[in-house]
Amino acid sequence: TILFANGCSSLGITEEISGSEKKSLKARDEINNQFPFSPREELVSGDEQNKQLLGELKNRYKQNFLELQKSVNSSKSKFAVVNLTTEYGSKTYKEGVPFFESLMKETGTDYVDVSARFNGLNPTEYTQMPKDGHLSKKGAEMIAAELEKIIQKYDGYKSDVTLADKPKVFGDGTPNQDEILDGGKDLPYRQKINSQGLRMDFDLTFPKQKQRVLILGDSQIECPFLDNEFTVSGLLQKKFPDKEIINAAIVGYSIDDYLSLFNDRAKFTDPDIVIVQTGGGDILDQYFTQRNHFSRADKVFEPNEAEKNFYPKITAR
């Protein structure tokens, strides 16, 4: 997961902030000032203290995942998970793969490690390297081909769940955005967000007429530096004109963000298939500083004893 901005401030949804939310944001600012550093690779260094803490973070991930699976099952949608990071072979990748494989087997979840496709490939062809590590057009085509297999598996399936009291927006993108961006990296691209906060070129209407595929993920699925038509979801939409491919991915999001986004907004799209993109970094995102700095939730995550003891160890380096 590549983190560009605080999850809350990046939403762009123009809603009134209540007094309690302002109080929560102030409290979070205070704890962020107290704990400004967010460790990444340090969490997988391998010593005994780290292993204990990492075990707790994995358990936290598992609990969030189980809640998400329960919510998706309630929508009677087919559910699949893809492990996707362009950092094949990194410490976080190696830590995540066996954990995800075990968890998905335990929960009976369809799972594929699409990151393995990057093994041995030239990163300058499949990513925006050397300027950025996100997918290039060629990389997006490769990943879309992998997700295509999941969608084909459930071709024709329709959930009979239709939710009432739908919100105005179903995603956390800025509604009606149509801008040329470059992320400060001289990689210009056109980002279009529909009126419902989703990275799509059209709005969803109800009742649905086509099979709907909802994709939850971070920047690897949102695909910064690519125009909508060249993103993973854009390519899938072109491949499946008889379906509606819903891109609800947001830069910096993680498993608990997918859970809250699905429950708050995305489930109201009435999806038939839900695909969740994850990666080893999502485990690390369960550390309290990451959650406080980047979570979409308006709450404070207090560190437990293991997290508190670990923090001075890495800031002293």
Side-chain angles (χ1 to χ4, degrees), residues 6-25 28 63-81 109 151 154 156-178 192-218 221-222 233 237 242-277 291 295-300:
N6 182 292
C8 288
S9 63
S10 67
L11 303 189
I13 306 299
T14 54
E15 296 176 344
E16 190 70 26
I17 299 178
S18 67
S20 61
E21 287 173 327
K22 289 179 180 178
K23 185 176 180 180
S24 177
L25 289 173
R28 198 154 87 168
Q63 295 310 309
N64 279 314
F65 177 81
L66 291 175
E67 286 297 317
L68 177 58
Q69 183 186 50
K70 181 179 178 181
S71 292
V72 172
N73 288 344
S74 295
S75 73
K76 294 187 179 179
S77 302
K78 296 298 184 181
F79 187 39
V81 174
T109 305
I151 296 172
Y154 298 113
Y157 173 81
K158 288 285 187 74
S159 166
D160 60 4
V161 174
T162 301
L163 298 177
D165 301 320
K166 297 185 186 297
K168 292 181 179 179
V169 295
F170 304 118
D172 282 347
T174 303
N176 300 309
Q177 182 185 31
D178 187 352
K192 294 175 66 178
I193 308 292
N194 70 8
S195 70
Q196 298 161 332
L198 301 163
R199 192 166 189 205
M200 300 168 58
D201 293 336
F202 60 91
D203 284 348
L204 300 173
T205 59
F206 300 88
K208 65 185 177 187
Q209 302 299 316
K210 300 179 178 181
Q211 186 187 52
R212 288 185 173 167
V213 181
L214 170 66
I215 307 178
L216 300 170
D218 62 17
I221 290 295
E222 187 184 12
S233 59
Q237 186 61 74
D242 60 328
K243 309 179 191 299
E244 291 174 325
I245 310 298
I246 305 169
N247 187 347
I250 292 287
V251 171
Y253 273 17
S254 191
I255 186 67
D256 41 358
D257 301 308
Y258 307 151
L259 170 61
S260 63
L261 174 57
F262 185 79
N263 287 336
D264 293 348
R265 294 175 170 170
K267 70 179 181 182
F268 292 96
T269 62
D270 298 336
D272 301 297
I273 303 171
V274 176
I275 299 175
V276 171
Q277 172 245 325
R291 301 177 97 192
S295 173
R296 75 186 294 272
D298 293 329
K299 61 181 290 186
V300 173

Looking at [atom1] of [X] and [atom2] of [Y], how far apart are the two atoms once the value is rounded to the nearest 0.5 Å?
| X | Y | atom1 | atom2 | result |
| --- | --- | --- | --- | --- |
| Lys78 | Ile151 | NZ | CD1 | 15.0 Å |
| Asn263 | Phe268 | CG | CZ | 8.5 Å |
| Asn64 | Leu259 | CG | CG | 5.5 Å |

Are the side chains of [X] and [Y] in touch, meaning some heavy atoms are under 4.5 Å apart?
| X | Y | value |
| --- | --- | --- |
| Leu198 | Leu204 | yes |
| Phe202 | Gln237 | yes |
| Gln69 | Leu66 | yes |
| Pro207 | Gln209 | yes |
| Val81 | Phe65 | yes |
| Asp172 | Tyr253 | yes |

What's the verdict on ring pair (Phe, Tyr, Trp, His ring centres under 6.0 Å) for Phe79 and Phe262, showing C-alpha distance, side-chain angles and the deciding distance? CA-CA 13 Å; Phe79 187 39; Phe262 185 79; 8.5 Å; no
Closest contact, heavy atoms only, [X] versus [Y]:
| X | Y | value |
| --- | --- | --- |
| Ser159 | Pro271 | CB-O, 3.7 Å |
| Ile245 | Met200 | O-CE, 3.7 Å |
| Gly156 | Lys243 | N-NZ, 4.1 Å |
| Leu261 | Gly171 | CD1-CA, 4.3 Å |
| Ile250 | Gly173 | CD1-N, 3.8 Å |
| Asp218 | Gly252 | CB-N, 4.2 Å |

Do you see a donor-acceptor pair shorter than 3.5 Å between the side chains of Ser233 and Arg199?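 No, no side-chain donor-acceptor pair sits under 3.5 Å.
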Answer with yes or no whether the side chains of Asp242 and Gln211 bring together a donor and an acceptor at under 3.5 Å.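 There is no such pair between these side chains.
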Does Glu222 reach the main-chain N or O of Val251 with its side chain, forming a donor-acceptor pair under 3.5 Å?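 Side chain of Glu222 to backbone of Val251: a pair is present.
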Less than 4.0 angstrom from a charged side-chain N to a carboxylate O is my criterion; do Asp270 and Lys166 meet it?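 Judged by the 4.0 Å cut-off on N to carboxylate O distance, Asp270 and Lys166 do form a salt bridge.
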Kindly determine whether Arg296 and Asp264 satisfy side chain to side chain contact (heavy atoms under 4.5 Å, CB included), including the steps that lead there. CA-CA 11 Å; Arg296 75 186 294 272; Asp264 293 348; 2.9 Å; yes
Test side-chain hydrogen bond (donor to acceptor under 3.5 Å, both in side chains) applied to Asp272 and Lys208, Lys158, Lys210, Lys76, the passing residue: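 The option that passes is Lys208.
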Step-by-step side chain to side chain contact (heavy atoms under 4.5 Å, CB included) determination, Ser295 to Asp257: CA-CA 6 Å; Ser295 173; Asp257 301 308; 3.7 Å; yes
